[in-house]
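As structure tokens, the structure follows; a few thoughts come after it.
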Amino acid sequence: MSKTTMTFYGGLRTIGGTVIALQYEDSRVIFDFGLTYNPAANIFDGMVKLRNSAMIRDYLKLGLIPEVNGLYSREDLPANSPLLPAEEYSGETAVLISHLHLDHMGAMGFINPSVPVFMTTDSQRLYQALETTGEGVAGNRSYSTCDYGKPFFIGKIKVTPLRLDHDIIGACAFHIETPDGSIIYTGDLRMHGKNPQYVDSFIQEAKKLGFTAVIMEGTSLRNEEELPENLLSPDRSLPADLLTETDIHSKISESSKDTSGIALFNIYHRNIDRINGILKAGRSAGRKVILEAATAEIAKRLGEDQEFFIYESEDIRTAKESGNLPDWLRALLSDYPSLSYKDINENPGGYLLQCSYDRSLELFDLNTERGVYLHSNGVPLGNFDPAYENLSRILSAIDLERVEIGTSGHATPQHLKYIVDELDPAILIPLHSFHPERLQPKNGRQLLPSYGKTYILSDGDVSEG
Ligand SMILES: [Zn+2]
Ligand SMILES: [Zn+2]
């Protein structure tokens, strides 16, 4: 068999969990290796205990990770597994990670260490911060880096990462080439982020490299009722009602100025642009910004602005007292000033304080009178997550007003269509979406793949094998 084949293991009609294998002879790349994002159907509700030494078996049983040959260690597979362990797989495989959102990288630690896992150098810098603070993925292995615009080979397959804008540092698309042809895998992207020019260059670079098929995310697509056809026309401009990443800081600043009490914010801290925006907002509102320690560690390594305080939570206070601070935290606390709730309560209106969902109980020590809770894309993201209702209960216990100031990490439907039309692929494979069928190519053919089938890339076409 010398044809290039593609197999889809996940992400076709879900948000994330995209896993695709592309193989040419004995060379294979697998791109993205995350976990599907679906908080309402999460088996691990905090009550079921994870079994650390049996996670791969358990995740396979639950269908949370894909059944792929040659990826998992023999000792991690169930005794009766039909899967070929990594130790017995003779071909050359690498896994490519487009960016560090859990739905794209959450399972990468399960891969046998003999199989290289690549991410961009920017992603690696973020990952090192996450690992330091205990937010790394399960599994003990190392990760390889790749760089935007610099091709590398996995056996006979040539891979070129292309920089994109998404609500996380380090995001890229992959151009993947075999002697039979090329494809583009976009990962996740948007055009209302801080760097839309990355998307423009991506389109130019991709066209220069050439491709038969584009595999593209379609998170923002909806059914025809919610998204009429006219809102799916290609348009690169920014709709007036769409908040961009660069608008966020002025909105947060305005809201803080309108508040006489404390201003709290809940963000997703893998979005460095948002951390930078918060620091900017604090400065323009005349408030000191206080970050949670884990976020401060990211800001310390990757942030533009180093003027912030560390919040001394109840956990940090007790760890300090008992001499149990981890090294990274001790270093952080010696590099930056810290403030406790007692300090903050002396003048709550002087602060912009981070309060993530999992730290919500810290609110009970703070004077939140006439304060505001600025919800800026931190979890829980919406009422599809049972935790959303829970957050509302916590906030109403202290009568704290919640204001939503956020923007999506995913391209709007019109931007998606614009990007597709610019790329103008012969074959468009939309996925990472509840309604992939809504995204149609201008001239080419839409392909909606199925699980369990093999697709062949050859002669400028993708066909069922
Ligand atoms: Zn995603
Ligand atoms: Zn993402």
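The side-chain hydrogen bond (donor to acceptor under 3.5 Å, both in side chains) search around Asp258 returns none, not counting sequence neighbours.
Open room surrounds CG on Asp399; 12 or fewer heavy atoms of other groups in view lie less than 6.0 Å from it. Counting heavy atoms of neighbouring residues, nucleotides and ligands inside a 6.0 Å radius, atom CD of Glu369 does not exceed 12 of them.
Salt-bridge annotation for Asp421 and Lys442: absent, with no side-chain N of the basic residue lying under 4.0 Å from a carboxylate O of the acidic one. Electrostatic pairing of Asp165 and Lys194 does not count as a salt bridge here, judged by no charged N lying under 4.0 Å from a carboxylate O. Using a 4.0 Å cut-off between charged side-chain N and carboxylate O, Asp247 and Lys251 make no salt bridge. Ionic pairing of Arg274 and Glu245 is present here: one or more N-O contacts between side-chain nitrogen and carboxylate oxygen are shorter than 4.0 angstrom. Taking the charged nitrogens against the carboxylate oxygens, Arg236 and Asp200 do have a contact shorter than 4.0 Å, which makes a salt bridge.
Checked by atom type, the side-chain pair Asp167/Asn271 shows no donor-acceptor distance below 3.5 Å. Remark: the His415 side chain and the His410 side chain contain no N/O donor-acceptor pair separated by less than 3.5 Å. Side-chain contact check for Thr295 and His269: at least one donor-acceptor pair (N or O, by modelled atom type) lies under 3.5 Å.
Looking at heavy atoms from C-beta onward, Ile248 lies out of side-chain contact with Ile278 at the 4.5 angstrom threshold.
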